[in-house]
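Quick note: numbers below take in every heavy atom, side chains included, and nothing from hydrogens, waters or symmetry partners.
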Amino acid sequence: MADLSLTFPDGSVRKFPVGTTPAQVAASISKSLEKAAISATVGGQHWDLAWPIPMDATISINTMKDDEPALELIRHDLAHIMARAVQELWPDVKVTIGPVIENGWYYDFARDEPFTPDDLGAIEKKMKEIINLRDPVRTEVWSRQDAIDFYEKAGEPFKVELVNAIPDDGQPIRMYWHGDWQDLCRGPHLQHTGQVPSDAFKLMSVAGAYWRGDHRNQQLQRIYGVAFKNREALKAHLTMLEEAAKRDHRKLGREMDLFHMQEEAPGQVFWHPNGWSIYTTLQDYMRRKQRAGGYVEINTPQVVNRSLWEKSGHWANYRENMFIVEVDEEHAREKTINALKPMNCPCHVQVYNQGLKSYRDLPLRMAEFGSCNRYEPSGALHGIMRVRGFTQDDAHIFCREDQIETECARFIEFLSSVYSDLGFDDFEIMFATRPEKRVGTEESWDRMEAALENAIKATGRSYTLDPGEGAFYAPKLDFKLTDAIGRVWQCGTFQVDPNLPERLDATYIGEDGAKHRPYMLHRACLGSFERFIGILIENWAGKLPLWLAPRQVVVASIVSDADDYVQEITRKLTDAGLRAEADVRNEKINYKVREHSLTKVPVILAIGQREVAERTVSLRRLGDTRTRTLALDEVVSMLRTEALPPDLAADRA
RNA sequence: GCUGCCGUAGCUCAGUGGUAGAGCACUCCCUUGGUAAGGGAGAGGUCGACAGUUCAAUCCUGUCCGGCAGCACCA
């Protein structure tokens, strides 16, 4: 028999007969490794212990100590165990697919009656029984036809479809069993069901999901589970989920009295004074930044006749998602049909088109805090993060092709400065290149892509390639930031657009005296104020930095003899530009501290007899139980400096 | 939009085929208390909307509206 050369992680090479399995390799190394082995990594691929190795490769044997393969196997096998549990409880349920996902797995079932939360408990119980059976796992490679015949006979139509969908590229069709239960699965797997920890998984929820992700297909019932290596890790995960729930901007929005939403205006925000303070503070900041960044600010109409949307192409593509406004105009023969603007670009081209533009006017950076409305599907709405009425920090840069690169680099620096001011020190750039269906010449695509790539390089940043994900007319960049609990949000965007200037006939007079077509660069940092404020709230868990906090300082009296002094302090703080309020209610200081802490006021100044006598204040920071006693004037000037927005603070320094 | 769950006081939630309850918040009174809930009293609800079944519906049924989770969507 021919030899097989296997290279181990330490670099050593050993020969084995062709067809040796990782299990045999492990056994040849040591008795203990043979027992501890759960899978192998062969030539970079996750490999079942029982699969023969066909050719020379690198190999490492995995044990439960190797987190990544161990969790993969545990979650994967739990998906099978759950499917078996479901079919044992309800034999008429059809199985479909059940992949491993972040933190766990899901499995989609076809069943007429919905699963209830009680069912989840029953399924979990049954899963534990199956785990305790320690049934060995067995896999076999079958021919396509045998697998199809098998599933047709078993009455598993989805599996038949899956087998048919497996590409005919020599990929084996693997049949999987534990006990009498069977599934279609490419593996790899653990060796028996007892290797799965019975106390480190939990079924989380059941929800609808379309067969193969297509909304025209039958809707299945998806059960989600999470699993870890041990009970402690599961507990830690569940605790993390509770933490995330505590940050929910909808909950904090209510507790901090920032905004509300109601039935009459679904997907639209009623901003309360506190929330509007965050909004305007952020907008003021962006306005200053943009002005400094060479933008002019404009404002354009909300309600615009359909003819413009027809010209821009939005009417054809997004009519379903637009709010339509019909008006009976006295002199018109029929109703005038308008749409609330779903985006600002067509209006910006109208402003650009006023008067003749010279090449000397370019690049023209035109910004608008553009209020847009989109009729989003009801199921997509989510607090203030996904809404039907929102305002973008939108801008369009009109420029020549040779200016794209500089403008792009300039924008990346701009965005980077904004993100770091707002507490997000790092972001990722996604570079979306030409899609399969596209317009324009290859040369033009080459130039546009090169411009973006060179711009990124000029800033010294790296990027992730997103091939084929560009718009049909040009490439784009998306910017993703990571929040305090590791969630990734796509907010910023930079998109080249030769299309809309064409459609709306934007031109400029070049050096040659002839008319030319400008490029339009769509760009945003925050995306929408609504969504970004949601992200800020969740990122900071409501404890916004002082300059953004709606209520910056509460001056609380301890005894009513201090009331006059409390009012004086509050006035001084307010005069210094701080958002300060007095709390002279007939409540104990404990009560006041608790209440203002719960509503995330960053600074509480407590004032009793002593402070009155000494003209000092006792300062307490949110989240800190210590207090400091400071002179009044000192506190005012300290807080005034601290409350400066980052761009103004930088100017000062 | 689809599937499932949900809608009772400002908030969080009990509850019942005979028109409703708690805690917190609110108002008033007592209390002047030193850094995360002092005490007492009071007020507060078309039980999401509309239809149907019933002698009687907040409760049962249907339709609609809205919310939540996931899916689909996100110019």
**Student:** Nearest to the side chain of A:L381, which nucleotide is it out of B:G70, B:G67, B:A72?
**Tutor:**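 Of the candidates, B:G67 comes closest.
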**Student:** Of the nucleotides B:A36, B:A75, B:C26, which has the atom closest to the A:R585 side chain?
**Tutor:**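 Selected nucleotide (nearest to the side chain): B:C26.
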**Student:** For B:A57 versus B:A51, give the span between their C1' atoms, rounded off to a whole number of Å.
**Tutor:**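 Between the two C1' atoms, the distance is 13 Å.
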**Student:** Does any donor-acceptor pair link the side chain of A:R386 with the base of B:C73 at a separation under 3.5 Å?
**Tutor:**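 When only heavy-atom distances are counted, A:R386 does reach the base of B:C73 through a donor-acceptor pair under 3.5 Å.
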**Student:** Tell whether A:Q219 reaches the base of B:G1 with its side chain through a donor-acceptor pair below 3.5 angstrom.
**Tutor:**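 Counting by modelled atom types and ignoring angles, no donor-acceptor contact under 3.5 Å is found here.
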**Student:** Give A:H382 one of three labels, base, sugar-phosphate or nothing, depending on what nucleic acid heavy atoms sit under 4.0 Å from its own.
**Tutor:**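 Sugar-phosphate contact only - A:H382 comes under 4.0 Å of backbone atoms but never of a base.
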**Student:** For a quick check of understanding: with a heavy-atom distance under 4.0 Å over all strands, which category does A:P377 fall into, base, sugar-phosphate or nothing?
**Tutor:**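 Since a base atom lies under 4.0 Å of A:P377, the category is base.
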**Student:** Looking at the base of B:A72, is there any donor atom on it, or on the side chain of A:R216, that sits under 3.5 Å from an acceptor on the other one?
**Tutor:**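 No such pair is found, so the answer is no.
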**Student:** Where the side chain of A:I589 is defined as all heavy atoms beyond and including C-beta, which of B:G38, B:G70, B:G34 is the nearest nucleotide?
**Tutor:**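 So the nucleotide nearest the side chain must be B:G34.
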**Student:** May I have all residue pairs that pass salt bridge (charged side-chain N to carboxylate O under 4.0 Å, His left out) and include part of residues 248-271 of chain A, sequence neighbours excluded?
**Tutor:**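 Non-adjacent pairs meeting salt bridge (charged side-chain N to carboxylate O under 4.0 Å, His left out): A:D248-A:R250, A:K251-A:E255.
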**Student:** Nearest to the side chain of A:V593, which nucleotide is it out of B:A75, B:A36, B:G33?
**Tutor:**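 Out of B:A75, B:A36, B:G33, the nucleotide with an atom closest to A:V593's side chain is B:A36.
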**Student:** If you only use heavy atoms from C-beta on, which nucleotide in B:A75, B:G38, B:C71 is closest to the side chain of A:N590?
**Tutor:**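 The nucleotide sitting nearest to the side chain is B:G38.
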**Student:** Taking atom C1' of B:U3 as reference, at what distance in whole Å does atom OH of A:Y106 sit?
**Tutor:**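 These atoms are roughly 15 Å apart.
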**Student:** Over how many whole Å does the gap from A:E113 atom CD to B:U3 atom P extend?
**Tutor:**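 Distance, rounded to whole Å: 16 Å.
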**Student:** Do the ring centers of A:H272 and A:F259 come within less than 6.0 Å of each other?
**Tutor:**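 Here the rings of A:F259 and A:H272 have centres that are no less than 6.0 Å from each other.
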**Student:** Rounded to whole Å, please give me the gap between CD in A:E595 and C1' in B:C26.
**Tutor:**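 Distance check: A:E595 CD to B:C26 C1' gives 12 Å.
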**Student:** Which nucleotide sits closest to the side chain of A:P266: B:C71, B:G66, B:C68?
**Tutor:**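 Between B:C71, B:G66, B:C68, the one nearest the side chain of A:P266 would be B:G66.
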**Student:** Counting only side-chain heavy atoms from C-beta out, which of B:C65, B:A69, B:C26 sits nearest to A:R250?
**Tutor:**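 For the A:R250 side chain, the nearest candidate turns out to be B:A69.
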**Student:** Taking the P atom of each, how far is B:U35 from B:A69, in whole Å?
**Tutor:**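 One P to the other, the span is 40 Å.
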**Student:** Select one nucleotide: of B:C74, B:A72, B:A37, the one nearest the side-chain heavy atoms of A:Y210.
**Tutor:**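 Closest of the options to the side chain of A:Y210: B:A72.
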**Student:** What about A:T625, does its side chain sit under 3.5 Å from the base of B:U35 through a donor-acceptor pair?
**Tutor:**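 Per atom types, no contact qualifies.
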**Student:** Measure the CZ-CG distance between A:F228 and A:L238 for me, rounded to the nearest 0.5 Å.
**Tutor:**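 These two atoms lie 7.5 Å from each other.
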**Student:** Return yes if the base of B:C74 and the side-chain atoms of A:E376 contain a donor-acceptor N/O pair under 3.5 Å, otherwise no.
**Tutor:**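 Flag unset: no donor-acceptor pair detected.
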